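Everything on this sheet refers to the single structure shown next.
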Amino acid sequence: MEYNFTAIEKKWQDYWLEHKTYTAVTGSDKPKFYGLIEFPYPSAAGLHVGHPRPFTAMDVVTRKKRMEGYNVLFPIGFDAFGLPTENFAIKNHIHPAIVTKNNIANFTRQLRMLGYGFDWDRCVDTTDPQYYKWTQWIFLQMFKKGLAYKATMPVNWCTGCKCVLANEEVVDGVCERCGSEVVRREKSQWMLAITKYADRLVDDLDDVDFIQRVKLQQRNWIGRSTGAEVDFMTTLGDTLTVFTTRCDTLFGATYMVISPEHAVLEKWADKLTNLAEVREYQAAAARKSDFERTEMAKDKTGVKLEGVMAVNPVNGREIPIFISDYVLATYGTGAIMAVPGHDDRDWEFAKKFGCEIIEVVAGGDVTKEAYTVKDESGIMVNSGFLNGMTVKDAIPAMTRWLEEKGLGPEKINFKLRDWVFSRQRYWGEPIPVVNCPKCGWVPLPEDQLPLLLPEVESYELTDTGESPLSAMTDWVNTTCPCCGGPAQRETDTMPQWAGSSWYFLRYMDPDNDSALVSPEAEKYWGPVDWYNGGMEHTTLHLLYSRFWHKFLYDIGVVHTKEPYAKRTSHGMILGQNPHYVGNVETEEEKQALIDKYGSDALRQSVKMSKSLGNVVNPDDIVNQYGADTLRVYIMFIGDFTQAATWSDSAVAGCKKFLDRIWNLASERREGDAVSSAHEKEIHKTIQKVGQDIEELKFNTAIAQMMTLVNNFYKTAPSRGDIRILLQLLSPFAPHIAEELWEIQGFEGLCCQSAWPTFDEKKMVDTEKTIAVQVNGKLRSTVTVPADSDAETVKSAALADRKIAGYVEGMEIVKTIVVPNKLINLILKPKK
RNA sequence: GCGGGUAUGGCGGAAUUGGCAGACGCAAUGGAUUUAGGUUCCAUCGGCUCACGCCGUGCAGGUUCAAAUCCUGUUACCCGCACCA
């Protein structure tokens, strides 16, 4: 019989859907397991071959958990608000809701085609009003608690998307999505006070099982640093407060720098004798984007303020004040004390502007470079009462001194900024607030949720920085829920990240009209047991959703502080580089490629992209080889956590593996017991596959199954042997496993059978092959009974003819025996 | 600049955590089956050497009876952050 994967896969997909094979039951007595993948953005291009990697991995994990007797929740949904859909809609004059509907239909078809064990009854769509009602509800709760606020501030403005971006969405000075230049604009924006949760977002990482990389990156991004705020008096009478983590170096502070945006400059304007110069510098700084400012990092610029000096509080010395854009207005106090001897940036600035450099920590040569060590090896000098102390001791000593003198408290600062939460776009959740001339910003009453997106005639963007919604005067003009007077709706919408910040909760109770999730469902399913997703979301979605979850915890909606107990991450699937220099023969051709494509030509693998023509479409692979082959290949491709390169020929190898299984099992076999010939390898395979799935080592799990199948070709397997192979294969290739299970006449469904258990005793070898080394080099092997003692191994080794040759005329000075593994004979010539 | 990671045959990658390097797969080669192609099956497959052997896990040292694995130094590439005081 032929392996007709198309018919088989269709048959079982229909069966599973009809019989709701993968339905999760809230409140079941079985232990629960909630496995989560990042729900996809349904783009017009359809599923990318990168999607099946994390999806299949979690499908394998949850299928195994199901067979192990867990009540599994493995849901799917669509994160469907967002700019690409809106842009597509504008270009093709189709409503974004229709575009979304079509895209979701296509994605659904593709996901079903791959045979994932999703509970489709729990599917969510962030653009469904019944869903975004609760996104809006959470925003209102934040508003009521003062965590959502409107502020006018310089924001990142994407010139391509024509809307503002969060800091997290700006990469290398350009928009992470469209690649357009990002400039600064002063705008009034809705903000979410994520910084109020900064401490908890750092501290609670200790209690979750996230891979180290994720924790490090989040800690880094939040950027907590402990230091002190120090007040410096000035000759104009105002106090300048600085933040420093190195208050021990205060005696070395020889000038101060404030950012060009610092408020004190306005106050001092008429006292500065070089105001024109200062104004010019301020204007130049304002014109630069953040990116330009950092680009110029190496070349320090600035202007000395004439007509004012500061006083160093530890020694009373008058020191000059500069403005320079290397001091950021948005971090700390916007002002610093400069210690050129012990800070690289200050040193560079001091060299350029001729400022004094004083050494206060011994150990370096401050005339050559800043000496920045801050451990116990640095000894304080030229520092009054700190002299002789280590830096480590001097920091708390100075902090205490400053507090006693009332010059400033200990202080913790964060790099994390509050989250800019409004977007001037149509296709997002409307922000449910009304602006009343009398009452200010008023939240919509909860019974008016969801606030629906109005139908508009045009989603065309404006360059004025207004949302397309602002043209909808019928919708914009409303009455104030508070005083009943005329008022206007907020016309900005929420960012893409809003809907995904809580979606995993909705899966627990997707049809609830009266709450975003019922307490019973949340208590039963929460937290997510295992969440796998991309590293690119570490400081975006993952951080945002932890923040929202903590807020929901504070208002009693959820019972855990953290949403995800475990977080892992997968590597990207890369494509072959069509411009790779290794693809051509002659040196001239190679050079031509390098001239044309630069260093990109040296890469064998690159991100898949339409322009390179190396995109692999899952539909094509499934048509040619079947979903099971695609699943097995994508799991076999390499280390799950590392990037991997797609290879067409290797896919065929995985098809061959399934063909070989088909040939063994497509006719009913005899013998229900596990055969003695295969017993050992079968138990070993059960152990290895089970363990490897838990450790995300899918590639070696499959390799072990291949080994077992190779053994089956040498000695024919029994029906009992096949049974176990099918069970182990089922999470990876569920369709073929189910079909062969039926052919062999086993009861029920393979995917619902109990995961096989292994017996260590059945795995032990009665004999062991021992490596025999002479002076550390492998010379022979001998076979001895398992667990032989050192003497037995030694005499067996010496009995070996080859070894005997080496030992001849030599003296054995030492013997090392590793039980069941190896013996090493150390020889030296006899005297 | 700071933080993290990676480096093993022609290729993707294994290696029970210090104990027989190269499992498994791809590609390649030879053979069987086949009218032929494809499929399938069997075998070979790190380099040098006719061979005994020698060499071999980015590079240079070191520790050890024994190193892909540990230590010191170094190079290349990848990812994240980046004037955060």
Side-chain angles (χ1 to χ4, degrees), chain A residues 171-172 212-214 216-221 223-225 227 242-246 249 257 259 290 293-298 300 324-328 330-339 342-346 348-349 372 413-417 535-536 538-539 571-572 582 599 602-605 633 636-639 641-654 656-657 659-660 663 687-688 691 697 699-707 709-710 713-714 769-781 813-827:
Chain A
V171 178
D172 290 341
Q212 212 51 35
R213 272 194 304 165
V214 168
L216 277 167
Q217 247 181 62
Q218 289 208 347
R219 285 202 185 101
N220 227 310
W221 183 260
R224 178 162 69 186
S225 69
V242 303
F243 173 73
T244 178
T245 57
R246 290 296 303 277
T249 62
V257 187
S259 73
D290 265 8
R293 277 168 75 150
T294 57
E295 271 298 88
M296 317 242 192
K298 270 123 224 152
K300 297 274 183 290
S324 172
D325 62 5
Y326 86 88
V327 171
L328 305 176
T330 49
Y331 185 78
T333 62
I336 62 152
M337 64 175 208
V339 184
H342 305 284
D343 181 281
D344 291 324
R345 298 151 301 178
D346 297 345
E348 220 177 287
F349 189 88
T372 56
N413 261 319
F414 297 94
K415 286 194 216 174
L416 187 69
R417 301 271 76 93
M535 281 306 291
E536 70 276 16
T538 302
T539 53
M572 230 190 314
S599 61
L602 300 173
R603 284 176 235 279
Q604 195 169 358
S605 313
Y633 173 62
F636 186 63
I637 193 167
D639 183 336
T641 64
Q642 300 285 125
T645 310
W646 183 269
S647 153
D648 286 322
S649 57
V651 182
C654 289
K656 200 162 104 180
F657 168 59
D659 281 336
R660 278 159 70 82
N663 291 338
Q687 183 191 37
K688 180 130 186 78
Q691 220 168 54
K697 290 157 83 175
N699 51 338
T700 48
I702 292 168
Q704 178 59 38
M705 286 191 277
M706 287 174 169
T707 305
V709 169
N710 289 346
Y713 269 78
K714 292 187 184 101
T769 306
I770 305 289
V772 183
Q773 296 182 342
V774 175
N775 291 334
K777 294 206 166 183
L778 181 71
R779 295 302 181 190
S780 184
T781 57
V813 289
K814 198 169 175 187
T815 308
I816 292 113
V817 177
V818 181
N820 290 331
K821 284 222 163 76
L822 166 145
I823 177 166
N824 189 3
L825 302 169
I826 312 302
L827 306 181

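Values in this document were obtained by computation on a predicted structure and should not be read as measured data. Chain letters run A, B, ... following the sequence lines, proteins first and then strands; every chain starts at 1.
- Atom-to-atom, CD of A:Gln642 to C1' of B:G12 comes out at 13 Å; the value is rounded to the nearest Å.
- A:Asp343 meets the side-chain hydrogen bond (donor to acceptor under 3.5 Å, both in side chains) test with A:Arg345; sequence neighbours excluded.
- B:G9: glycosidic angle within 90° of 0, hence syn.
- Taking 3.5 Å as the limit, the base of B:C20 and the side chain of A:Lys821 contain no donor-acceptor pair of atoms between them.
- Regarding A:Met705, its CE atom lies at a distance of 16 Å from the P atom of B:A14, rounded to whole Å.
- Listed by chain and residue number, A:Trp221 satisfy the side chain to side chain contact (heavy atoms under 4.5 Å, CB included) test with A:Thr539 (two or more places apart in sequence, or in another chain).
- Phosphate contact (OP1/OP2 of B:A85, side-chain N/O of A:Ser225, threshold under 4.0 Å): present.
- B:G5 atom P lies 20 Å from atom CD of A:Glu536, rounded to whole Å.
- Looking at A:Asp648 and A:Tyr633, their side chains never bring a donor and an acceptor atom within 3.5 Å of each other.
- Counting non-hydrogen atoms under 4.0 angstrom, A:Ile826 reaches the backbone sugars and phosphates but no base.
- Comparing the C1' positions of B:A67 and B:C20 gives a spacing of 14 Å, expressed to the nearest Å.
- When rounded to the nearest whole Å, the span between CD1 of A:Ile702 and C1' of B:C24 equals 10 Å.
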Report each atom pair, protein N/O against N/O of nucleotides 78-81 of chain B, whose distance is under 3.5 angstrom.
residue: B:C78; atom: OP1; partner: A:Arg603; partner atom: NH1; Å: 2.4
residue: B:C78; atom: OP1; partner: A:Arg603; partner atom: NH2; Å: 3.3

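- Contact annotation: A:Asn699 does not reach the phosphate of B:C24 (side-chain N/O to OP1 or OP2, under 4.0 Å).
- Relative to the six-membered ring of A:Phe349, A:Lys300 misses at least one condition, a distance below 6.0 Å or an angle of at most 45° to the axis.
- Map A:Ala771 and A:Thr700 each onto its nearest nucleotide of RNA chain B; the residue landing nearer the 5' end is A:Thr700.
- Straight-line distance from the CD1 atom of A:Ile637 to the P atom of B:C11: 17 Å, rounded to whole Å.
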Task: Pair pattern of RNA chain B in dot-bracket, where unpaired bases get dots and | marks partners in another strand, Watson-Crick or G-U under 3.5 angstrom - done: (((((((..(((......[....))).(((((.......))))).(((....)))..(((((..]....))))))))))))....

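- Separating the CZ atom of A:Phe243 from the P atom of B:A85 is a distance of 6 Å, rounded to the nearest angstrom.
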Show me the protein contacts with nucleotides 41-49 of chain B, counting only N or O atoms at under 3.5 Å.
residue: B:C41; atom: OP1; partner: A:Arg660; partner atom: NH1; Å: 2.5

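- Atom CE in A:Met706 sits roughly 12 Å away from atom C1' in B:G12 (whole-Å rounding).
- A straight line from CG of A:Asp639 to P of B:A23 spans 18 Å, rounded to a whole angstrom.
- A glycosidic torsion no more than 90° from 0 defines the syn conformation, and B:U17 adopts it.
- Residue order along RNA chain B, read from the 5' end via each residue's closest nucleotide, puts A:Ala652 first among A:Ala652 and A:Tyr331.
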Could you run down the sub-3.5 Å N/O contacts of the protein with nucleotides 66-68 of chain B?
none

